[in-house]
Visitor: 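Submitted below is the structure of interest, expressed as structure tokens.
Quick caveat: nothing in here was measured; it's all calculated off a predicted structure. The chains referred to below are lettered A, B, ... by the order of the sequence lines, with proteins before strands, and numbering in each begins at 1.
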Amino acid sequence: MDSKFTKPYNPTENESAIYELWEKSGYFTPENLPNATEGPFTIIMPPPNANGQIHAGHALFVTLEDIMIRYKRMKGFKTLWLPGTDHAGFETQVVYEKKLEKEGRSRFNMDRDKLHAEIIDFVQTYKKATEDGLRKLGASCDWTREKFTLDPDIIQTVYDTFKQMFDDGLIYRGKRIVNWCTKHQTSLSDLETLSENRKDKLYYIQYGPLVVATVRPETMFGDVAVAVNPNDERYKQYLGQELEVQTPIGKMKLKVIADEAVEKDFGTGALKITPAHDANDFEIGQRHNLPTIEVIDCYGKLNEKTGKYVGMKINEAREAVVKDLTEMGLLLKTEDYEHNVAICYKCGRIIEPRIIPQWFVKMDQLAQKAIVAVREKKIRIIPNHQEKIFCHWLDNIRDWNISRQIVWGIPIPAKLCEKCDYAIVDIENKKTICPECGGKLIKDSDTFDTWFSSGQWPYATLGYPDSNDFKTYYPTDVMNTASDIIFFWVARMVMFGFYRTGQIPFHTVYLHGLVRDAKNQKMSKSKNNVIDPTVIAEKYGTDALRMALVVGNTPGTDMALAEDKIKGYKHFANKIWNITRFILENSPKQEELNIDLTPIDEKILAEFRALTANVTNDMENFRFHLASEKIYQYAWHTLADVILEESKPIIFGKEETDRLSRIKILNVILLDLLKLLHPFMPFLTETIWQDLPQVKEEMLLVTRWPE
RNA sequence: GGGCGGUUAGCUCAGUUGGCUAGAGCGUAUCGUUGACGUCGAUAAGGUCACAGGUUCGAGCCCUGUACCGCCCACCA
């Protein structure tokens, strides 16, 4: 017997060599598969951000996708799992800014090109680390097709989409109110803001004959009207009138308008309208053709239109204005007030709504098609209840701001007129004169929201429109990703997919939950509870980690990952190892096993076949948490605890037919068990497979799944 | 303000179309140096399946309501 099996199983001794064996075989590339009798099966990997260490969430998605891919490969499908990494625009820029801050530097006094070059270097390092991490986790993906979100062909696809959408009127440049982060100096999409409950004051201020209630008295200098509900009897007499309003810096004139958006019962029922600094007011302003007066600058400070308050930060200015109003007798009442405010999802600072020209995507039509696809089950979302969430979001979607004032990203291929603000798409970068006014055109310095490009990932990576890959592998089969990016990413992929290819991008969306720590807390650096999967893999083996991530983890549900659980599956790996040893030790040469089975062995074998069918059924229905547990239970508590124990007297006994029959089925079960287990514990099973004397196929990786 | 999920053994969680005498892992207790494995084995304790109604021959699972926990969405200043 091979001496290898006499020692306990040592994962770290074997894993990298096994991975190398697979990778060198070329079987990760579907075209090289020896007997792919079935059609294509495709998963496009959600590209990890190339800006940090690989974490437990990556380990989970790699495990799930690798399970699907390995299973389908063994089923004879032409399996493509296309890997990639993401430049992750704003996310990476924020990470890099933090690094700059630590070094006492700032992006705002750096040359644009220098900053860009530095981030490229930074990303390259992490890109490499991410790729290594994926290999360590056993990802059987096709590295020959690896993509990066800034590859020239990807950018070209993104540009073509931008142009086409612009020509179709689905993209427009508009001067509209957007979410502005005063720290990061960029606008953000609605998804990139969070809302936070805050306790503020509600101030009742005398506005001429009326009283308005506001939490932001410092914006009063940007007021252009006072709005009331059209059915509010109290104010009917004032409609259309111009009020003379006293402020600490002089008098201003405000028209009284009527708008349905004003609630009669809130505050005094009279609302001051500041279109330049409030999204709601902006829309009211649009409806009534009101002008806009900006009084707060991009740093969140009051500007020269506010007289003596110029240069003050918003909070300072608020206090100062309140103090002055009080002294002037214009502040009538102050109430405690609890409300939600939008904050930047990265730094938590309050979003300052600002009016700046940005590129927007019109969402209505795109969204409706995506909703129909899901409602009609052309796209299936697992877990099912996410379909409702998906559709609800799309049903209430607003136009999407895709411009970002950051360096790290795909530049928007557009020109802007210095004189008249005319905007034009210019992918070839050739236009210099404004067709409207003859003014000089300058390049738009903004970059795309990273999701504008990653939303096109499924067809962009496959070389849409003309490549063979696109024709062969699109629409793809499964999109597996974390449920928290269903809107950011999944919804956008569906919309873009329809728009550009006329087809769904994938048939099934499999959403997984978050990996939390043993105490069910979110992993975070500050809590020091982050599990580094590569460290865990070193300690317990990748297979043990994979099992721990899969067994009992239902789709869409967050899971608690305890080190003890991982340790348990290390023991399981050793158990399989020793089952193998026991069977091999007691197996004579193969030719002696050409005998009929005893009735009891027939029964044992039938039970195993039933398990196989059961597991296969689970695999087909994405119930990996059940499939893995069933294999575990069978291997340990049926095969090892019962069958092997009962086999000892038979094997060491004198009844030759019983003995050979038993040995025969043990060998059959062992081989098939390794196959069932392979998608879950690929390293262990392949390591064993490579040393089995009775094995004919060169690699378990491409062996047929048992029927 | 809307929506979604959860509540099952001490802990973490499974439980597929209602058939369950409700399971697993870890933990706990007792026993076992058997010629695969002590990274082991055997045995055991531990549950009104959140609560209250209902449907059904039968409910952890379906329906109605309640409570608590978590999450998401939302332009009443």
Visitor: What does nucleotides 12-28 of chain B look like as a protein-contact string, B for base, S for sugar-phosphate only, - for none, at under 4.0 angstrom between heavy atoms?
Guide: SSSSB-------SSS--
Visitor: Just the dot-bracket of RNA chain B, please: which string comes out with Watson-Crick or G-U pairs under 3.5 Å, [ ] for crossing, | for another strand?
Guide: (((((((..((((.....[...)))).(((((.......))))).....(((((..]....))))))))))))....
Visitor: For atom C1', what is the distance between B:G46 and B:A22, given to the nearest Å?
Guide: 14 Å
Visitor: How is A:Tyr337 classified with respect to the nucleic acid when contacts are heavy atoms under 4.0 Å: base, sugar-phosphate, or nothing?
Guide: sugar-phosphate
Visitor: In whole Å, measure the gap between the C1' atoms of B:A24 and B:A14 for me.
Guide: 7 Å
Visitor: Using the P atom in both, what is the distance from B:C75 to B:G47, to the nearest Å?
Guide: 49 Å
Visitor: Does any pair with a residue in residues 620-645 of chain A pass salt bridge (Lys or Arg N to Asp or Glu O under 4.0 Å), and if so which ones, sequence neighbours excluded?
Guide: A:Lys72-A:Glu620, A:Asp618-A:Arg623, A:Asp618-A:Lys630, A:Glu645-A:Lys648
Visitor: Let me have the donor-acceptor pairs involving side chains of residues 549-563 of chain A, under 3.5 Å, with sequence neighbours excluded, atom names and distances please.
Guide:
| from | atom 1 | to | atom 2 | distance (Å) |
| --- | --- | --- | --- | --- |
| A:Asn553 | ND2 | A:Leu549 | O | 3.1 |
| A:Thr554 | OG1 | A:Thr557 | OG1 | 3.1 |
| A:Asp558 | OD1 | A:Leu514 | N | 2.7 |
| A:Asp558 | OD2 | A:Arg516 | NE | 3.0 |
| A:Asp558 | OD2 | A:Arg516 | NH2 | 3.1 |
| A:Glu563 | OE2 | A:Lys539 | NZ | 2.7 |
| A:Glu563 | OE2 | A:Tyr540 | OH | 2.7 |

Visitor: Does a donor on one side chain sit under 3.5 Å from an acceptor on the other, for A:Glu352 and A:Thr182?
Guide: no
Visitor: Ring pair (Phe, Tyr, Trp, His ring centres under 6.0 Å): which pairs involve residues 258-294 of chain A, sequence neighbours left out?
Guide: A:Phe266-A:Tyr337
Visitor: In whole angstrom, give the distance that lies between atom CZ of A:Arg516 and atom P of B:G70.
Guide: 11 Å
Visitor: Sort and list the pairs that fulfil ring pair (Phe, Tyr, Trp, His ring centres under 6.0 Å) and have at least one residue in residues 192-222 of chain A, not counting sequence neighbours.
Guide: A:Phe221-A:Tyr309
Visitor: Which residues satisfy the side chain to side chain donor-acceptor pair (under 3.5 Å) test with A:Thr12, sequence neighbours excluded?
Guide: A:Asn10
Visitor: Only distances under 3.5 Å count here; give the side-chain donor-acceptor pairs of residues 482-493 of chain A to other protein atoms, sequence neighbours excluded, each with its distance to 0.1 Å.
Guide:
| from | atom 1 | to | atom 2 | distance (Å) |
| --- | --- | --- | --- | --- |
| A:Ser483 | OG | A:His512 | O | 3.4 |
| A:Trp489 | NE1 | A:Ser454 | O | 2.8 |
| A:Arg492 | NH1 | A:Phe488 | O | 2.9 |

Visitor: Between protein and nucleic acid, restricted to nucleotides 1-10 of chain B and to nitrogen or oxygen atoms under 3.5 Å apart, what atom pairs and distances do you find?
Guide:
| from | atom 1 | to | atom 2 | distance (Å) |
| --- | --- | --- | --- | --- |
| B:C4 | O2' | A:His385 | ND1 | 3.2 |

Visitor: Taking any heavy-atom pair under 4.0 Å as a contact, classify A:Leu644: base, sugar-phosphate, or nothing.
Guide: base
Visitor: Measuring only the C1' atom in each nucleotide, how far is B:C73 from B:C26? A whole number of Å is fine.
Guide: 38 Å
Visitor: Strictly distance-based, threshold 3.5 Å: is any side-chain N or O of A:Thr268 a donor or acceptor partner for the main-chain N or O of A:Val211?
Guide: yes
Visitor: Between A:Leu639 and A:Leu194, just flag the one whose closest nucleotide in RNA chain B comes earlier from the 5' side.
Guide: A:Leu639
Visitor: Taking side-chain contact (heavy atoms from CB on, under 4.5 Å) as the test, write out the residues that go with A:Asp278, two or more places apart.
Guide: A:Asn280, A:Asp281
Visitor: For A:Gln246, what residues pass the side-chain contact (heavy atoms from CB on, under 4.5 Å) criterion, not counting sequence neighbours?
Guide: A:Lys251, A:Met328, A:Leu330
Visitor: Want to settle it: does A:Asp641 or A:Thr580 sit nearer the 5' end of RNA chain B, counting the closest nucleotide to each?
Guide: A:Thr580
Visitor: Would you measure the distance from the P atom in B:C13 across to the matching atom in B:A50 and give it in whole Å?
Guide: 15 Å
Visitor: Are side-chain N/O atoms of A:Asp190 and A:Asn179 paired as donor and acceptor at under 3.5 Å?
Guide: yes
Visitor: In whole Å, what separates the C1' atom of B:G6 from that of B:U12?
Guide: 14 Å
Visitor: As a test of reading the structure: which of B:U39, B:A77, B:A36 is closest to the side chain of A:Asn574, going by heavy atoms?
Guide: B:U39
Visitor: Pair A:Glu655, A:Arg662 - check salt bridge (Lys or Arg N to Asp or Glu O under 4.0 Å), show working.
Guide: CA-CA 11 Å; A:Glu655 287 297 330; A:Arg662 177 54 57 99; over 6 Å; no
Visitor: Between A:Lys264 (NZ) and B:C76 (C1'), how many Å, whole number?
Guide: 14 Å
Visitor: Heavy atoms within less than 4.0 Å of RNA chain B: which residues of residues 200-233 of chain A have one? Give them sorted by number.
Guide: A:Ala213, A:Thr214, A:Val215
Visitor: Please give me the minimum heavy-atom distance between A:Met220 and A:Pro248, naming the atom from each residue.
Guide: SD-CD, 4.2 Å
Visitor: Between B:A45 and B:G54, how far apart are the C1' atoms? Round to whole Å, please.
Guide: 36 Å
Visitor: Distance check, C1' atoms only: B:C20 and B:A9, in whole angstrom units.
Guide: 16 Å
